[in-house]
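Okay, so here's the structure we're looking at.
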There are 2 protein chains.
Amino acid sequence: MTEKDDFSLQDFLPFLLNRAAEDASLAFQAHYKNRYGMLRNEWRVLFHLGVFGQMTAKEIGLRAKIHKTKISRAVAKLAERRFVSRSRDEKDRRAEHLQLTPAGEAAYRDLRAEAESYDAQLAARFDPQEVALLRRMLRKLASIEEPVSSAPERD
Amino acid sequence: MTEKDDFSLQDFLPFLLNRAAEDASLAFQAHYKNRYGMLRNEWRVLFHLGVFGQMTAKEIGLRAKIHKTKISRAVAKLAERRFVSRSRDEKDRRAEHLQLTPAGEAAYRDLRAEAESYDAQLAARFDPQEVALLRRMLRKLASIEEPVSSAPERD
DNA sequence: AATTAATAGTTGTTTTTGTAACTAACAAGG
DNA sequence: CCTTGTTAGTTACAAAAACAACTATTAATT
């Protein structure tokens with residue numbers, strides 16, 4: 001029993017990250033699921049379109065690291081519910097430009113507000129500079145580049 | 001476009017946590033999957049039994065916050081592969097005591113070593129005190145109580 | 001004791017996911 | 001052009017997860 005008790009399951013970063021992610025997502029997940037019948041990937045796609053405006057499935061995939069299959073299905077659902085409209089690119093007729101409909105925008109705004117307040121709630125459990133460090137570390141672990149301080153570049 | 005661009009998807013803690021968790025788990029996940037054909041829940045059950053010794057499905061569920069259904073199926077697989085043995089509690093014949101077999105112990109030791117080195121690899125990307133803070137914050141987010149400094153209490 | 005409730009664990013059924021194969025459109029080399 | 005290769009996106013099938021209903025056993029209530 002006294003082999004190597006200094007490293008337990010609960011120190012293991014992937015385990016901790018998964019557990020924390022599950023717990024932290026629970027309430028918000030319930031919100032977009034109950035309110036809009038959305039799955040995680042649908043919410044993510046919606047959010048990307050809300051933040052970045054019109055873009056293709058490919059671009060969303062690159063930004064969010066979501067596989068094209070998932071995006072395809074998420075977009076299909078969102079389009080079915082009239083949250084997203086699609087239009088073929090006339091230069092390259094393989095590509096499809098995706099864009100939120102007014103209903104999609106409304107859902108985005110609602111979910112975004114919810115996300116912000118939920119995020120604030122989580123953050124409030126720690127010191128501000130601790131939270132800043134946490135975000136920075138998580139970004140690094142997720143290979144997300146640091147946001148350039150002010151201007152968010154358009155694409 | 002200039003509504004509220006100060007809060008992006010990539011600042012949202014649940015999103016960041018999920019992304020970081022996915023990325024951080026990837027390599028390790030591949031390891032136990034390829035090497036032992038294990039799923040995430042199977043690995044978690046194995047690890048709990050390895051760390052805490054004999055326990056019931058119920059107890060694992062409480063510690064790991066895994067639903068009994070998942071544990072039941074994970075245990076079934078592990079038992080099938082002779083990593084876990086089961087024995088009825090004679091006082092309460094509903095309960096089943098689970099325990100690693102020698103093969104299970106061997107797998108546990110291998111995976112644990114792998115976990116430790118993988119954890120170290122992740123941790124090496126940051127300052128030690130940053131990592132300590134990260135673990136503390138993740139534990140708090142996951143509602144895992146801090147380990148009491150020295151003696152890990154037996155059950 | 002007999003009835004009802006609660007608990008440990010399992011099983012069945014429906015959703016979701018993951019992987020890979022597919023279609024359609026474009027691009028490049030000969 | 002015409003074969004070969006790439007890319008955007010979809011679809012089909014198999015694996016896995018979620019949720020609810022179920023069995024067996026124990027506990028509680030009358």
Side-chain angles (χ1 to χ4, degrees), chain A residues 18-19 21-23 25-27 29-30 32-34 36-45 48-49 54-81 84-99 155, chain B residues 18-19 21-23 25-27 29-30 32-34 36-45 48-49 54-81 84-99 155:
Chain A
N18 273 308
R19 277 284 309 267
E22 274 170 33
D23 274 44
S25 301
L26 216 67
Q29 211 166 319
Y32 61 68
K33 183 163 188 182
N34 296 332
Y36 297 102
M38 276 185 205
L39 260 28
R40 203 173 59 135
N41 287 329
E42 292 162 40
W43 168 73
R44 283 189 180 182
V45 167
H48 272 265
L49 290 172
Q54 173 179 293
M55 60 201 304
T56 66
K58 176 84 191 297
E59 291 165 339
I60 297 176
L62 288 176
R63 284 217 194 250
K65 267 206 196 167
I66 305 179
H67 193 269
K68 58 184 180 170
T69 295
K70 295 181 192 174
I71 295 178
S72 176
R73 284 199 263 245
V75 168
K77 282 268 184 181
L78 289 170
E80 190 184 298
R81 284 169 200 162
V84 163
S85 66
R86 324 153 102 148
S87 66
R88 288 262 161 223
D89 183 326
E90 285 307 325
K91 296 263 179 164
D92 181 348
R93 301 182 26 72
R94 289 169 303 182
E96 219 172 26
H97 296 290
L98 305 170
Q99 176 159 255
D155 190 23
Chain B
N18 273 308
R19 276 285 309 268
E22 272 170 34
D23 274 44
S25 302
L26 216 67
Q29 211 165 320
Y32 61 69
K33 182 164 188 181
N34 296 332
Y36 296 103
M38 276 185 206
L39 260 27
R40 202 173 61 133
N41 287 328
E42 292 161 40
W43 169 73
R44 282 191 180 182
V45 167
H48 273 265
L49 290 172
Q54 172 179 297
M55 61 201 303
T56 67
K58 177 82 189 300
E59 290 165 338
I60 296 175
L62 289 176
R63 284 216 195 250
K65 269 205 194 165
I66 304 178
H67 192 269
K68 57 187 181 168
T69 295
K70 296 182 191 173
I71 295 178
S72 176
R73 283 200 253 250
V75 168
K77 281 268 187 184
L78 289 169
E80 189 184 298
R81 283 170 200 161
V84 163
S85 66
R86 325 153 100 147
S87 66
R88 288 263 160 223
D89 182 325
E90 284 307 325
K91 296 261 178 161
D92 181 346
R93 302 183 25 70
R94 289 170 302 184
E96 216 171 31
H97 296 290
L98 306 171
Q99 175 159 259
D155 186 28

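Please read all numbers here as calculations on a predicted model, not as lab measurements. Every heavy atom of this structure was used, including side-chain atoms; hydrogens, water molecules and symmetry mates were not.
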Worksheet item: Hey, mind stepping through B:Leu39 and B:Lys77 against side-chain contact (heavy atoms from CB on, under 4.5 Å) and telling me if it holds?
Response: CA-CA 9 Å; B:Leu39 260 27; B:Lys77 281 268 187 184; 5.7 Å; no
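At distances below 3.5 Å, not a single donor-acceptor pair connects side-chain atoms of B:Arg86 with backbone N or O atoms of B:His97. Judged purely by atom type and a 3.5 angstrom limit, B:Glu22 has no side-chain atom pairing as donor or acceptor with the backbone of B:Arg19.
Between the side chains of A:Asn18 and B:Ser25, at least one donor-acceptor pair of N or O atoms lies under 3.5 Å.
At a cut-off of 3.5 angstrom, counting only N and O atoms as typed in the model, there is a donor on one side and an acceptor on the other between the side-chain of A:Arg94 and the base of D:dT7.
Rounded to whole Å, the distance from CH2 on B:Trp43 to P on D:dA16 is 18 Å. For the pair A:Gln29 CD and C:dT16 P, the computed distance is 12 Å after rounding to whole Å. In this structure, CG of B:Leu62 is placed 12 Å from C1' of C:dT7, rounded to the nearest angstrom. The distance from atom CD of B:Glu42 to atom C1' of D:dA15 is 12 Å, rounded to the nearest whole Å. Rounded to whole angstrom, the span from the CG atom of B:Leu26 across to the C1' atom of C:dG18 amounts to 13 Å. Atoms CD1 (A:Ile66) and C1' (C:dT16) sit 15 Å apart, rounded to a whole Å. If you measure from atom CD1 of B:Ile71 to atom C1' of D:dA18, you get 15 Å, rounded to the nearest angstrom. Going from atom NZ of A:Lys65 over to atom P of C:dG18 covers 15 Å, rounded to whole Å.
For A:Lys70 and C:dG18, the shortest distance from a side-chain N or O to OP1 or OP2 is below 4.0 Å. In this structure, A:Ser72 reaches the D:dT10 phosphate: one of its side-chain N or O atoms is under 4.0 Å from OP1 or OP2. Side-chain nitrogen and oxygen atoms of B:Lys68 include none within less than 4.0 Å of the OP1 or OP2 phosphate oxygen of C:dG9. Using a 4.0 Å cut-off, no side-chain N or O of B:Arg73 falls inside it from OP1 or OP2 of D:dA15.
Within a 6.0 Å radius of NZ in B:Lys65, more than 12 heavy atoms belonging to other residues, nucleotides or ligands are found.
Place A:His67 and B:His97 on DNA chain C by their nearest nucleotides, and B:His97 ends up nearer the 5' end. Residues A:Arg40 and B:Glu96 both approach DNA chain C. Their nearest nucleotides, taken by heavy-atom distance, put B:Glu96 toward the 5′ side.
Contacts of A:Lys91 with the nucleic acid, taken as non-hydrogen atoms under 4.0 Å apart, involve only primed sugar atoms and P, OP1 or OP2. At the heavy-atom level, B:Arg88 lies nowhere under 4.0 Å from the strands shown. A:Arg86 comes within 4.0 angstrom of the backbone, heavy atoms only, and of no base. Looking at heavy-atom distances under 4.0 Å, B:Leu39 makes contact with sugar-phosphate atoms alone, never a base. Looking at heavy-atom distances under 4.0 Å, A:Thr69 makes contact with a base.
Among D:dT7, C:dT10, C:dA8, the nucleotide with an atom closest to any side-chain atom of B:Lys58 is C:dA8.
Here the rule is side chain to side chain donor-acceptor pair (under 3.5 Å) with A:Glu42, and of A:Lys70, A:Lys33, A:Arg81 only A:Arg81 fits it.
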